[in-house]
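Heads up, the thing below is written out as structure tokens.
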Amino acid sequence: MRLATWNVNSLKVRLPQLLEWLARQRPDVVCLQETKLEDAAFPRLEMAQAGYAACFAGQKTYNGVAILSRTEPRAVSVGIPGFQDEQKRVIAASVEQVRVVCVYVPNGQSVGSDKYDYKLRWMGALTAWLATELERHPQLAVLGDFNVAPEEADVHDPRLWEGQVLFSGPEREAFKKLLALGFKDSFRLFPQPEKAFTWWDYRMAAFKRNLGLRIDHILLSPALARRCTGCSIDVAPRRGARPSDHAPVIAELAD
DNA sequence: ATGGTAGAAACTCTA
């Protein structure tokens with residue numbers, strides 16, 4: 001089973017790129033973030049024609065998450081239970097025997113801002129919820145844009161980013177607490193090239209200079225981590241015309 | 001010293 005995540009930064013704009021990428025990579029499950037679409041505008045038909053069922057939770061202008069899957073997603077749930085949030089950032093569904101959680105963690109804007117506090121509260125609520133989900137669903141995968149670079153190796157210039165949003169101590173600690181539940185960062189289960197990133201700012205020719213961060217992750221429960229045979233970042237879509245600022249990440253699970 | 005770019009929407013906010 002091939003599991004993927006991609007922050008598309010507007011599904012409306014990125015639909016042609018997504019369709020081309022689906023045809024090339026043939027993933028079984030794809031978690032999308034920043035769809036920026038109300039549910040009525042979700043391109044259900046185009047997805048069906050590409051061979052994918054979909055569940056989605058969107059809103060106008062900002063946020064919005066979706067799960068595409070080759071087979072019909074079951075037991076779909078939206079949001080973090082008990083955590084009041086107007087922003088559409090979480091959708092979960094069962095696909096075959098795997099419980100899939102798609103997350104779009106708040107960006108946080110800048111350290112000390114209201115949005116940063118919201119990000120840390122949000123990550124705390126996510127962690128508490130996932131602790132219970134792990135017990136309910138041993139085969140659990142959490143995929144998405146976490147807006148946190150966990151380690152120095154995940155940042156093009158750790159000294160420059162020290163203490164900055166996406167790499168600050170409290171954010172990295174919050175991410176560590178998530179891993180402490182038992183999840184594995186699938187990317188780090190395997191040898192990887194140096195300076196492997198999933199996001200590059202649109203500005204200052206950051207992609208061309210590979211000034212990126214690895215903030216999109218595929219976390220696997222212990223049972224799924226044992227089945228994982230590979231994880232990689234596909235930078236090809238970031239090179240193309242009118243790209244998202246994020247590249248997709250793909251993990252492979254043995255049957 | 002607050003730029004640089006992209007997206008959505010509406011003359012600004014978010015990332």
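Treat the numbers as computed from the prediction; the structure is a model and nothing was measured. First the proteins, then the strands, lettered A, B, ... as listed; each starts at 1.
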Exam field: side chain A:Arg214 to backbone A:Ala149, donor-acceptor pair closer than 3.5 Å: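 Absent.
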CD1-CZ distance between A:Ile215 and A:Phe197, expressed to the nearest 0.5 angstrom: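 Interatomic distance, A:Ile215 CD1 to A:Phe197 CZ, rounded to 0.5 Å: 11.5 Å.
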The side chain of [X] is closest to which nucleotide in this list: [options]?
X: A:Tyr202; options: B:dA15, B:dT5, B:dC13; answer: B:dT5
X: A:Asn107; options: B:dA15, B:dG4, B:dG7; answer: B:dA15
X: A:Ser10; options: B:dA8, B:dA15, B:dA9; answer: B:dA8
X: A:Arg14; options: B:dG7, B:dG3, B:dT14; answer: B:dG7
X: A:Lys60; options: B:dA9, B:dA6, B:dA15; answer: B:dA9
X: A:Arg242; options: B:dA8, B:dG7, B:dA15; answer: B:dG7

Using atom [atom1] of [X] as one end and atom [atom2] of [N] as the other, report the distance to the nearest whole Å.
X: A:Lys36; N: B:dA9; atom1: NZ; atom2: C1'; value: 11 Å
X: A:Asp201; N: B:dT2; atom1: CG; atom2: P; value: 18 Å
X: A:Asn63; N: B:dT14; atom1: CG; atom2: C1'; value: 9 Å
X: A:Lys12; N: B:dA9; atom1: NZ; atom2: C1'; value: 11 Å
X: A:Lys208; N: B:dA6; atom1: NZ; atom2: P; value: 12 Å
X: A:Asn7; N: B:dG7; atom1: CG; atom2: P; value: 12 Å
X: A:Met204; N: B:dG3; atom1: CE; atom2: P; value: 12 Å
X: A:Leu166; N: B:dT14; atom1: CG; atom2: P; value: 16 Å

First encountered from the 5' end of DNA chain B, between A:Thr61 and A:Lys115: A:Thr61
Given DNA chain B, 5'-ward residue of the pair A:Gln109 and A:Arg203, judged by closest heavy atom: A:Arg203
Suppose you measure atom [atom1] in [N] against the same atom in [M]; what distance do you get, rounded to whole Å?
N: B:dA1; M: B:dC11; atom1: P; value: 30 Å
N: B:dC13; M: B:dA9; atom1: P; value: 16 Å
N: B:dA15; M: B:dT2; atom1: P; value: 22 Å
N: B:dT14; M: B:dA10; atom1: P; value: 14 Å

Check ion pair A:Arg188-A:Asp154 (N to O, under 4.0 angstrom): yes
Ring geometry between A:Phe207 and A:Trp200 (parallel below 30°, tilted from 30 to 60°, perpendicular above 60°):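 Judged by the thresholds at 30° and 60°, the geometry between A:Trp200 and A:Phe207 is perpendicular.
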Parallel, tilted or perpendicular, as decided by the 30° and 60° cut-offs, for the rings of A:His246 and A:Trp199: tilted
Worked check of side chain to side chain donor-acceptor pair (under 3.5 Å) between A:Ser113 and A:Tyr118: CA-CA 9 Å; A:Ser113 68; A:Tyr118 163 66; over 6 Å; no
Sugar-phosphate, base or nothing in reach of A:Phe207, heavy atoms under 4.0 Å: nothing
